[in-house]
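First up is the structure itself, then whatever we jot down about it.
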There are 2 protein chains.
Amino acid sequence: MADNYHHGNLRQALIDAGLKIINESGEEELSLRKVAARCGVSHAAPYAHFKDKNELIEAIMDSVTDKFMSVLENAVTDKPNADAAIIAMGREYVTFFHKNPDYFTFLFGKQGIRVHLKMNKEYKDDYPPFLLLRRLYLKHLDENGLEKTYEEQEIDLIKIWSIVHGMASIACVKGIKTSVNWKNIDERLLT
Amino acid sequence: MADNYHHGNLRQALIDAGLKIINESGEEELSLRKVAARCGVSHAAPYAHFKDKNELIEAIMDSVTDKFMSVLENAVTDKPNADAAIIAMGREYVTFFHKNPDYFTFLFGKQGIRVHLKMNKEYKDDYPPFLLLRRLYLKHLDENGLEKTYEEQEIDLIKIWSIVHGMASIACVKGIKTSVNWKNIDERLLT
DNA sequence: CTGCTATCTTTACATTGTCAAGTTACCATC
DNA sequence: GATGGTAACTTGACAATGTAAAGATAGCAG
């Protein structure tokens, strides 16, 4: 309905088109005008939904993060205990970005826009995947009857996240070739 | 000499000016024309020295990598054994990027341009910091009389580099606040 | 002195982000 | 149903940018 004006769901269409461009040709090819063209609207139409190019990018990041989270949550459910869940999550974390290296660059390339990790008191506005990891970690402590100081917990979390994220980073570096099968990582994810 | 034409050392001046801009206002502010303006030359002058904007960026990356390497090599010399050297290198690795988060984004944000890690047979064209790490790691094996298969070595190296690079990544994420003192990291760098 | 070549300038053009002003369609209210 | 308001979209414009083409300059080899 509405042949020209009032696209109906332009906002989402712009996000999807942007994501598609990133998948096809990388982030540097993403421009407001191209995205608008793909949706069949004029070059300034996006400004009705996004204040900025940055705001569109943030929306796309949210979209990718949602996809990522659903993959992670999926990998975590139905695991016997927290340890198994953490390993499964770590494996999926690396695998996800290994399968979509563009997403890694996109999410973490220009850091600071969306990714906020705060390990201390305030438990909000964190990066969702990290929230999941912390949840599993606390479950792990609980299941094994462990008691750790807040600082020890934080160090553990950083350690886990560092190695997982670092591996994802390595797995995404173009041109790297290792004998590691990024779909089978076990022995090196230990709390 | 040469008031207008023949700047004398424009290539290096462009690299330095570019680096300065990145330090002052981040990579997104870097443009060929601004760099040229800072050097007092016309906006197309850089094309006599660099084929592309990318080629200038790569030159700047090389420059940063050189700085980085000299810091690392400095941290590594005069250490009693390989283990101490590895720990020192890891600490400096994180600290360097913690002090210059812009460099981290710059070097690893758009990956694939310059950073090539190859863990297998061909020992050339690697990322210099990684070459250093491998050198120290092999020294470590030697010093402790350890013998490992090639695959085990590779896994060890990835493990070490992952955690160090991952920490650097965390330490650089804007907005993160942890109780970890990024200038004192010991217990979590073990081969 | 002559010409070659690397270096730099000028001019030009397409792409892009962004703004301002106008248009259109829908919605609530009279 | 007419009316006005507002959100969604278009058109036109501008500055910044990357880049190509053509010309100018200077130093150097012969």
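By convention in this document, chain letters (A, B, ...) are assigned in the order of the sequence lines, proteins followed by strands, and residues within each chain are numbered from 1.
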Does the side chain of Leu141(B) come within less than 4.5 Å of Gln153(B)'s, by heavy atoms? yes
Looking at Tyr127(A) versus His165(A), is the centre-to-centre ring distance below 6.0 Å? no
Could you tell me the separation between the CG atom of Leu32(B) and the P atom of dG18(D), rounded to a whole number of Å? 5 Å
Ala48(B) has a side chain; which of dT17(D), dT7(C), dT19(D) sits nearest to it? dT7(C)
Measure CG/Leu56(B) against C1'/dT19(D) and give the value in whole Å, please. 14 Å
Would you indicate, yes or no, if dT18(C) has its OP1 or OP2 atom less than 4.0 angstrom from a side-chain nitrogen or oxygen of Lys53(A)? no
Please state how far atom CD in Glu55(B) lies from atom P in dT19(D), giving the value in whole angstrom units. 11 Å
Euclidean distance, atom CZ of residue Phe50(A) to atom P of dG17(C) [Å, nearest integer]: 14 Å
Can you confirm whether Phe108(A) sits close enough to Phe97(A) that some side-chain heavy atom of one is under 4.5 Å from a side-chain heavy atom of the other? yes
Quick one: which protein N/O atoms are closer than 3.5 Å to N/O atoms of nucleotides 10-13 of chain C? Pair and distance per line, please.
| residue | atom | partner | partner atom | Å |
| --- | --- | --- | --- | --- |
| dT11(C) | O4 | His43(B) | NE2 | 2.9 |

Rounded to the Å, how far apart are Asn54(B) CG and dG18(D) P? 11 Å
Are any of the side-chain heavy atoms of Ile15(A) and Phe50(A) separated by less than 4.5 Å? yes
Under-4.0 Å salt bridge between Lys20(A) and Glu24(A): no
Measure from the side-chain heavy atoms of His49(A) and tell me the nearest of dA8(D), dT19(D), dG17(C). dA8(D)
Is there a side-chain contact between Leu19(A) and Ser63(A), using heavy atoms and a 4.5 Å cut-off? yes
Could you tell me the separation between the CZ atom of Arg11(A) and the P atom of dA8(D), rounded to a whole number of Å? 11 Å
Calculate the interatomic distance between Glu28(B) atom CD and dT16(C) atom C1'; express it in whole Å. 16 Å
Are Phe96(A) and Phe68(A) an aromatic pair by the rule of ring centers under 6.0 Å? yes
To the nearest Å, how far apart are Leu10(B) CG and dT25(D) P? 19 Å
Ser31(B) side chain near dA16(D) phosphate (N/O to OP1/OP2, under 4.0 Å): no
